[in-house]
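These notes concern the structure reproduced below.
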Amino acid sequence: MALEGLRQKASGGRYEDIVQSIGNTPLVQLKRLSPKPGVKIWAKLESRNPTGSVKDRVARALIEDAEEKGAIEPGQSILEPTSGNTGISLAMICSRKGYPLKVVMPENVTPERTQLLQMYGAQIVYSEGSKGSNGAVEKALQMAQDGRYYMPYQYGNMANPNAHYNGTALEIIEELDEVSAFVAGLGTGGTLMGNGRRLKETFGDAVKIVAAEPMQGEPVQGLRSLDDGFIPPIIDISILDRKIFVTNSDAILWTRKLLDEEGIFAGVSSGAIARVAVRIAGELDEGNVVFVVADDGWKYLSSGIYTRPLDEIENLDSTVWW
Ligand SMILES: Cc1ncc(COP(=O)(O)O)c(C=O)c1O
């Protein structure tokens with residue numbers, strides 16, 4: 001029968017607090033979007049983390065790594081450049097653990113992000129919108145020079161990929177005996193590096209690690225193009241087998257397909273990633289293709305993309321949204 005081999009866990013587990021409950025996210029098959037019966041496409045729903053994104057894993061790893069190294073003590077101010085999700089996750093975790101947090105992010109992110117950060121008690125410093133996440137990194141590095149802050153710096157901290165190497169990837173391996181391709185967006189590169197390294201150690205070169213990248217000059221929130229000039233230090237290009245570009249309007253269209261065809265309410269980067277996963281699936285005859293749903297759609301509701309008629313979405317000028 002169709003559901004054969006799918007495991008349904010009786011409960012989501014029992015945890016001491018919300019921070020402990022991060023991870024153990026479901027892997028959900030996309031039956032309608034798979035182009036071939038022999039190829040299974042699986043969405044790893046990182047949107048099911050406590051603040052709604054994959055960055056809960058990373059923020060927890062960054063803070064716990066600093067604690068273990070003795071780099072921070074309660075009361076220490078933390079500073080981080082982030083286009084949103086890492087800031088929101090850090091804000092939740094820092095508020096639980098007693099670290100005041102300042103985040104630097106581009107001024108043109110959606111208002112939901114600002115409210116979420118404020119809700120968890122973070123202080124926000126805005127950087128120039130046109131400079132994107134690179135502008136936020138630049139500004140935070142300047143601010144960190146006075147030595148008052150501890151900056152986890154997810155772009156250069158191995159705790160970021162290690163959160164995936166020791167978490168996300170192990171969960172995927174626990175569920176699937178074979179993975180032909182792993183597809184994720186490239187922001188800091190942590191998701192692709194950590195999962196890529198572990199999956200290649202487990203399945204060898206049979207697994208292809210594929211990055212979904214935005215077209216240059218067409219930003220998709222959360223993602224970056226390596227051609228923009230900044231290659232995060234945690235990135236080891238040799239782990240990537242392919243990178244595939246996605247336009248902003250395709251990202252939006254596929255975000256809607258995830259919702260309308262599969263009932264998955266995801267952020268826009270996940271649309272871009274799903275589009276690449278379906279393309280890779282079309283090139284295979286059989287096997288499992290896993291892709292990461294990096295966040296849920298709540299933060300993007302004000303853009304209107306979930307409710308507009310599809311023909312308006314297909315023709316929209318993508319630059320108006322971001
Ligand atoms: C929405 C979204 N998608 C994808 C990514 C990419 O993840 P990574 O930083 O692990 O490359 C991010 C990272 O911030 C993100 O916020």
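One-based numbering, in listed order, for ligands and for the atoms of each.
Checking only distances, N85 does come within under 3.5 Å of ligand 1, N or O to N or O. On a distance-only criterion, L192 and ligand 1 share no N/O pair closer than 3.5 Å. Inclusion of T191 in the set of residues having an N or O under 3.5 Å from an N or O of ligand 1 is warranted. Geometrically, ligand 1 and S269 share a nitrogen or oxygen pair separated by less than 3.5 Å.
Remark: ligand 1 atoms within the under-4.0 Å shell around heavy atoms of A294 are 2 (C), 3 (N), 4 (C). Within ligand 1, the atoms closer than 4.0 Å to a non-hydrogen atom of G185 are 6 (C), 11 (O), numbered from 1 in the order shown. Close approach to D295 involves these atoms of ligand 1, each under 4.0 Å from a residue heavy atom: 1 (C). The contact set between ligand 1 and G189, taken as ligand atoms under 4.0 Å from a residue heavy atom, comprises 8 (P), 9 (O), 11 (O).
Counted by atom type alone, Q115 and Y120 present zero donor-acceptor pairs between their side chains at under 3.5 Å. Of the N and O atoms on the side chains of R48 and N24, not one donor lies less than 3.5 Å from an acceptor on the other residue. A donor and an acceptor atom, one from each side chain of N160 and Y155, are nowhere located under 3.5 Å apart. For R57 and T168, the side-chain atoms include at least one donor-acceptor pair closer than 3.5 Å.
With hydrogens and angles ignored, the 3.5 Å screen pairs no side-chain donor or acceptor of D296 with any backbone N or O of A266.
Residues passing the side chain to side chain contact (heavy atoms under 4.5 Å, CB included) test with A61 are A159, A163, sequence neighbours excluded.
Contact check on D56 versus R60 returns no salt bridge, with no Lys/Arg side-chain nitrogen under 4.0 Å from an Asp/Glu carboxylate oxygen.
Two residues are said to be in side-chain contact when any heavy atoms from C-beta on lie closer than 4.5 Å; E128 and P106 fail this criterion. Side chains of V246 and V276 form a contact here, defined as non-hydrogen atoms less than 4.5 Å apart.
Under 4.0 angstrom from ligand 1, the non-hydrogen atoms of T188 come from both its backbone and its side chain. At a heavy-atom cutoff of 4.0 Å, ligand 1 is contacted by the side chain of K55 but not by its backbone. Neither the backbone nor the side chain of V54 comes within contact range of ligand 1; no heavy atom lies under 4.0 Å.
Ligand 1 has at least one atom lying under 4.0 Å from a heavy atom of L186. Note on ligand 1: G267 sits outside its first shell, no heavy atom being nearer than 4.0 Å.
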